[in-house]
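Reading through the structure tokens given below for one structure.
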Amino acid sequence: MNYAIIGAGASGLLPAYLLKKAGHDVQVIAQREEQAALINKQGIIHGENRQLIKAYTDVEHISPDAFIILTVTYEELPPILRLLKIRCPSNKIIFLQQGMLFLEKARTLAHRHIAAAILETDCVKLNANTISFAKAPQMTLGTVKGNPEEFLPLLETTAWKSSWAENIEEQLFESLLFSSLIDPLTALMKIRNGELITNPHAYELFRTLYNELYLAFPEIESLQPIEKVAALCASEPGKVSAMCADRLAGDAMEVEGLMLYVLNRSKLELPLFKAFYHLLKAVEVEK
């Protein structure tokens with residue numbers, strides 16, 4: 001099978017590495033010429049292993065039969081989607097992104113088969129072509145529109161453990177609630193997930209944020225009870241959230257796609273969450 005990964009942050013380099021290791025043909029579409037050149041020269045490196053993968057900076061090299069996996073941030077999506085409409089009108093597309101704001105864009109595409117996926121991992125990007133992860137990645141996949149059978153290759157590949165979600169939007173929302181509690185705090189403070197529990201000041205922010213989100217989304221109590229979230233953080237103290245990993249690597253963080261969706265969907269004011277949103281946007285402006 002052929003795969004084209006658009007985006008070369010941690011969330012893009014990891015599936016590219018795993019799919020190539022599993023024996024698939026893989027291309028990476030990076031934003032910067034320097035990164036593409038480095039990947040072409042050295043491959044994608046994980047520990048003592050490396051996978052040689054072709055990298056480009058434009059979509060015209062994507063094969064018409066390739067699965068396209070989008071891993072860029074919500075803010076980076078519009079120009080890429082315009083190019084895909086013109087250059088890759090028949091490809092099957094998988095959105096592998098944080099949050100849910102991208103669903104609005106996905107449903108406007110004319111492509112017949114579109115899916116969304118959640119990849120659970122502890123991957124961090126060490127430099128432009130080097131990643132580190134210890135946990136076996138798990139993918140949850142579901143269709144946004146089209147025939148679910150078209151995406152069977154992503155379930156059957158040995159690249160990762162996988163499961164099918166009949167209602168991917170529900171799965172995405174559950175994941176979004178978890179990420180909304182973890183990612184903004186860890187990214188702002190540049191801490192690992194476990195420190196949200198062991199650091200008393202970080203824990204106080206975590207607990208206050210949970211209470212605020214509960215008022216807007218009472219279902220969080222059943223979908224992501226605070227005891228469960230705290231236990232997960234404690235059980236994997238060294239894990240780095242996706243947003244924190246991006247900030248540490250100097251990559252664009254998924255602030256819009258994750259946090260703006262929450263702010264737009266909430267019928268209540270979320271002063272603490274909104275403050276975190278603007279603080280993270282200020283960090284991005286500094287770059």
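From a predicted model like this one, the values you see are computed outputs, not experimental measurements.
Looking at heavy atoms from C-beta onward, I44 lies in side-chain contact with I39 at the 4.5 angstrom threshold. Counting heavy atoms from C-beta on, the side chains of I68 and V59 never come closer than 4.5 Å. Looking at heavy atoms from C-beta onward, E256 lies out of side-chain contact with T73 at the 4.5 angstrom threshold. Y56 is not listed as a side-chain neighbour of N40, based on a closest heavy-atom distance of 4.5 Å or more. When side chains are defined from C-beta on, W164 counts as touching T143, because their heavy atoms get closer than 4.5 Å. L213 has its side chain within reach of V262: a pair of non-hydrogen atoms, C-beta onward, lies under 4.5 Å apart. Side-chain contact between I182 and L232 is absent, with no heavy-atom pair separated by less than 4.5 Å. Between L258 and Y74, the closest side-chain pair of non-hydrogen atoms is not below 4.5 Å.
Remark: side-chain polar atoms of N2 are not paired, donor with acceptor, to backbone N or O of D65 under 3.5 angstrom. Q35 places a side-chain N or O within 3.5 Å of a backbone atom of A128 that can act as its donor or acceptor partner. One N or O on the side chain of K145 and one on the backbone of H111 form a donor-acceptor pair closer than 3.5 Å. With hydrogens and angles ignored, the 3.5 Å screen pairs a side-chain donor or acceptor of S222 with a backbone N or O of E219. With hydrogens and angles disregarded, no donor-acceptor distance shorter than 3.5 Å links the side chain of Q97 to the backbone of F102. Between the side chain of R107 and the backbone N or O of V144 there is no donor-acceptor pair closer than 3.5 Å. Remark: the backbone N or O of L272 is paired with a side-chain donor or acceptor of E212 at under 3.5 angstrom. At distances below 3.5 Å, not a single donor-acceptor pair connects side-chain atoms of T57 with backbone N or O atoms of A30. Using modelled atom types, one side-chain atom of N129 and one backbone atom of G43 make a donor-acceptor pair closer than 3.5 Å. Although no hydrogens or angles enter the test, the distance criterion places a donor-acceptor pair under 3.5 Å between the side chain of T208 and the main chain of E204.
L248 belongs to a hydrophobic cluster with V124, L126, V240, counting contacts under 4.5 Å between side-chain heavy atoms of Ile, Leu, Val, Met, Phe, Trp and Tyr, direct or through other members.
By the 6.0 Å contact criterion, NZ on K228 is enclosed, its count of non-hydrogen atoms from other residues, nucleotides or ligands being greater than 12. A 6.0 Å sphere centred on CD of E236 holds more than 12 heavy atoms belonging to other residues, nucleotides or ligands. Residue-environment remark: CD (E269) stays at or below the threshold of 12 foreign heavy atoms within 6.0 Å.
The distance from the CZ atom of R265 to the CZ atom of F217 is 6.0 Å, given to the nearest 0.5 Å. Rounded to the nearest 0.5 Å, atoms CD (E156) and CE (M1) are 9.5 Å apart. Separation of atoms CZ (F276) and CG (L209) is listed at 6.0 Å; rounding is to 0.5 Å. Atom CD1 of I69 is separated from atom CE of M139 by 5.5 Å, given to the nearest 0.5 angstrom. Distance check, rounded to the nearest 0.5 Å: CD of E104 to OH of Y261 gives 8.0 Å. One finds the NZ atom of K92 at 10.0 Å from the OH atom of Y3 (value rounded to the nearest 0.5 Å).
In terms of heavy atoms, A252 sits closest to E76 at CB-OE2, 3.9 Å. Taking all atoms of both residues into account, the shortest heavy-atom contact from Q27 to H61 is NE2-O, 2.8 Å. When every heavy atom of S162 is checked against every heavy atom of L155, the shortest pair comes out as OG-O, 2.8 Å. Closest heavy-atom contact between D246 and E254: OD2-N, 4.5 Å. For M243 against D183, the heavy-atom pair with the smallest separation is N-OD2, 2.9 Å. Taking both residues in full, the closest heavy atoms of A55 and A36 are given as CB-O, 3.7 Å, listed atom of the first, atom of the second, then distance.
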Start with the C-alpha distance between I80 and I29, add both sets of side-chain angles, then the distance that settles side-chain contact (heavy atoms from CB on, under 4.5 Å), and finish with yes or no. CA-CA 11 Å; I80 291 171; I29 310 299; over 6 Å; no

Stepwise, does the salt bridge (Lys or Arg N to Asp or Glu O under 4.0 Å) test hold for E150 with R112? CA-CA 10 Å; E150 296 290 334; R112 292 180 59 195; over 6 Å; no

Derivation of the side-chain contact (heavy atoms from CB on, under 4.5 Å) call for L196 and V229: CA-CA 10 Å; L196 286 177; V229 178; over 6 Å; no

Please step through side-chain contact (heavy atoms from CB on, under 4.5 Å) for the pair Y17 and R50, ending with a clear verdict. CA-CA 8 Å; Y17 175 89; R50 74 178 65 223; 5.8 Å; no

What verdict does the side-chain contact (heavy atoms from CB on, under 4.5 Å) test give for L280 and E284, after you've listed the backbone C-alpha separation in whole Å, the side-chain angles of each residue and the deciding distance to 0.1 Å? CA-CA 6 Å; L280 286 165; E284 286 190 333; 6.0 Å; no

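Classification of K161 and E120 as a salt-bridged pair fails, no side-chain N sitting under 4.0 Å from a carboxylate O. Ion pairing of R192 with E195 is absent here, as no side-chain N (NZ or NE/NH1/NH2) approaches a carboxylate O to less than 4.0 Å.
Classification of the H46-F133 ring pair by plane angle, with boundaries at 30° and 60°, yields parallel.
Hydrophobic clustering of Ile, Leu, Val, Met, Phe, Trp and Tyr side chains at less than 4.5 Å, counting indirect connections, unites Y277 with L101. Cluster membership check: L109 shares its hydrophobic cluster with L103, using side-chain heavy-atom separations under 4.5 Å among Ile, Leu, Val, Met, Phe, Trp and Tyr. Hydrophobic clustering of Ile, Leu, Val, Met, Phe, Trp and Tyr side chains at less than 4.5 Å, counting indirect connections, unites M259 with M100. The cluster map of Ile, Leu, Val, Met, Phe, Trp and Tyr, joined by side-chain heavy atoms under 4.5 Å apart, puts I94 and L77 in different clusters. I53 and I62 are not part of a single hydrophobic cluster, where members link through side-chain heavy atoms under 4.5 Å apart.
Looking at residues two or more places apart in sequence or on another chain, you find no ring pair (Phe, Tyr, Trp, His ring centres under 6.0 Å) involving F273.
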